[in-house]
Amino acid sequence: VTFSPRRVKPCVSNMEVENQTRVTRFILVGFPGSWGMRAAVFLMFLVAYILTVAENVTIILLVQQNRPLHKPMYFFLANLSFLETWYISVTVPKLLFSFWSTSNSISFAHCMIQLYFFIALMCTECVLLAAMAYDRYVAICRPLHYPTIVSHGLCFRLALGSWTIGFGISLAKTYFISRLSFCGPNVINHFFCDISPVLNLSCTDMSTAELVDFVLALVVFLLPLTVTVLSYGCILATVLLMPTGKQKAFSTCACHLVVVTIFYSATIFMYARPRAVHAFNMNKVISIFYAIVTPALNPFIYCLRNREVKEALKKLAYCQARSD
């Protein structure tokens with residue numbers, strides 16, 4: 001998802017590109033510094049990665065093995081946890097390896113693969129969060145029809161549609177980016193292959209790639225955001241008209257609303273800023289938040305405020321204690 005305008009680069013003719021050496025590897029700057037600082041950052045990212053994977057795998061197992069959690073809301077939550085596990089795995093293992101590698105290089109093919117999966121998972125999360133918002137809308141605004149409207153079949157189709165749209169849009173974006181020529185420099189001031197840093201290294205006309213990126217970004221960002229805002233607008237209007245049970249109604253969607261707010265706030269700040277405040281060192285800081293911190297926070301948000309998930313965790317802990 002990319003909205004921010006980029007600097008205009010002079011177009012290079014095909015003949016000039018052919019006379020230049022094409023880049024086959026990129027150098028990821030990552031987080032340079034002293035050995036002590038790099039060791040501390042490495043440890044921080046390693047703990048965050050292990051914790052995030054453990055949290056999300058735990059939620060998937062809880063939803064799968066506990067009958068009280070066999071509901072549409074937890075089906076979508078398990079999908080989100082599965083997504084977050086892969087989301088953080090796209091960037092962090094390569095980053096951890098780079099701390100102890102003498103060369104922080106990545107091949108062009110591997111860079112495109114990383115870019116593809118990163119975009120795909122981000123786009124999928126946009127659509128999946130909208131599906132979860134619709135689920136909360138039906139549960140609160142049309143509770144009597146909830147079992148018939150949000151059926152197992154609809155849940156499966158919404159989840160499948162989210163993954164299909166996300167990976168389909170990413171395929172189109174990555175295809176046009178991969179068709180660009182890169183003649184040098186080959187240094188990416190980032191810790192993974194993201195859209196803006198990669199596009200800025202192109203030495204040919206990238207107007208088509210930018211146009212495709214921009215149009216698809218609008219579709220995958222604004223449409224799910226519109227569904228989410230409308231769903232919560234209806235939820236708010238319905239809850240305010242309730243004579244009783246307002247707190248209980250709000251609590252059923254509070255966790256999802258917090259996750260949505262964090263996700264869209266980080267995405268908007270990262271990709272919709274004016275160029276004047278588009279410093280790449282700041283990009284890396286913000287990228288840490290939405291690529292590493294957010295996947296680690298989401299399981300905590302859902303577990304700390306959800307009674308059924310907490311009860312399932314207690315049950316799991318009790319079973320583990322008895323087995324020991």
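Keep in mind that this is a model prediction, so the values were computed, not measured.
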Is [Y] close to [X] at the side-chain level, that is, under 4.5 Å between some pair of heavy atoms?
X: Phe192; Y: Ile106; value: no
X: Arg142; Y: Tyr137; value: yes
X: Phe45; Y: Phe191; value: no
X: Val198; Y: Met112; value: yes
X: Phe176; Y: Thr208; value: yes
X: Asn104; Y: Val29; value: no
X: Leu51; Y: Phe300; value: yes
X: Ser98; Y: Phe31; value: no

What is the distance from atom [atom1] of [X] to atom [atom2] of [Y], rounded to the nearest 0.5 Å?
X: Met44; Y: Ile292; atom1: CE; atom2: CD1; answer: 7.5 Å
X: Leu129; Y: Ser231; atom1: CG; atom2: OG; answer: 11.5 Å
X: Leu77; Y: Ile59; atom1: CG; atom2: CD1; answer: 5.0 Å
X: Thr52; Y: Ile88; atom1: OG1; atom2: CD1; answer: 3.5 Å
X: Leu297; Y: Glu55; atom1: CG; atom2: CD; answer: 8.5 Å
X: Ile165; Y: Leu216; atom1: CD1; atom2: CG; answer: 11.5 Å

Side-chain heavy atoms nearer than 4.5 Å, only ILVMFWY residues, links allowed to pass through others: does that put [X] and [Y] together?
X: Phe75; Y: Val57; value: yes
X: Leu218; Y: Val215; value: no
X: Val41; Y: Val47; value: no
X: Leu128; Y: Val229; value: yes
X: Trp100; Y: Leu96; value: yes

- For the Cys pair Cys234 and Cys141, is the SG-SG distance shorter than 2.5 Å? no

- Item | For Tyr232, side chain to side chain donor-acceptor pair (under 3.5 Å) partners two or more places apart | His256

Could you check whether any side-chain N or O of [X] sits under 3.5 Å from a backbone N or O of [Y], counting only pairs where one atom can act as donor and the other as acceptor?
X: Thr85; Y: Val53; answer: no
X: Ser170; Y: Phe167; answer: no
X: His70; Y: Val63; answer: yes
X: Ser265; Y: Ile262; answer: no
X: Asp135; Y: Ala131; answer: no
X: Ser178; Y: Tyr175; answer: yes

How close do [X] and [Y] get, counting heavy atoms only, and between which atoms?
X: Thr204; Y: Ser181; answer: OG1-N, 3.3 Å
X: Glu210; Y: Leu199; answer: CG-CD1, 4.1 Å
X: Ala291; Y: Pro295; answer: O-CG, 3.6 Å
X: Val150; Y: Leu154; answer: CA-CD2, 3.9 Å
X: Leu115; Y: Ile177; answer: CD2-CD1, 3.8 Å
X: Ala130; Y: Val227; answer: O-CG1, 4.0 Å

- Message: Would you say Ser196 and Asp194 are linked by a side-chain donor-acceptor pair, where the criterion is simply a distance under 3.5 Å?
- Response: no

- Donor-acceptor pair between Asn298 and Glu84 side chains, under 3.5 angstrom: yes

- Over 60° means perpendicular and under 30° means parallel, so classify the ring planes of Phe42 and Phe99, tilted if in between. perpendicular

- What orientation do Phe182 and Phe26 show, parallel under 30°, tilted 30 to 60°, or perpendicular over 60°? perpendicular

- Give a yes or no on whether the ring-centroid distance for Tyr264 and Phe221 is below 6.0 angstrom. yes

- Task: For side chain to side chain contact (heavy atoms under 4.5 Å, CB included), just list the numbers for Tyr49 and Ser89, CA-CA rounded to whole Å, side-chain angles, deciding distance to a tenth of an Å, and then say yes or no.
- Result: CA-CA 8 Å; Tyr49 179 68; Ser89 297; 3.0 Å; yes

- Item | Derivation of the side chain to side chain contact (heavy atoms under 4.5 Å, CB included) call for Leu62 and Tyr74 | CA-CA 9 Å; Leu62 283 176; Tyr74 299 110; over 6 Å; no

- Query: Could you go step by step and tell me if Leu121 and Trp163 meet the side chain to side chain contact (heavy atoms under 4.5 Å, CB included) rule?
  - Reply: CA-CA 8 Å; Leu121 293 169; Trp163 289 93; 3.8 Å; yes

- Task: Return the set of residues passing ring-ring contact (aromatic ring centres under 6.0 Å, His included) with Tyr87 (not counting sequence neighbours), or none when no residue passes.
- Result: Phe118

- Note on the structure: In short, side-chain hydrogen bond (donor to acceptor under 3.5 Å, both in side chains) pairs touching residues 110-134 with sequence neighbours left out are Ser107-His110

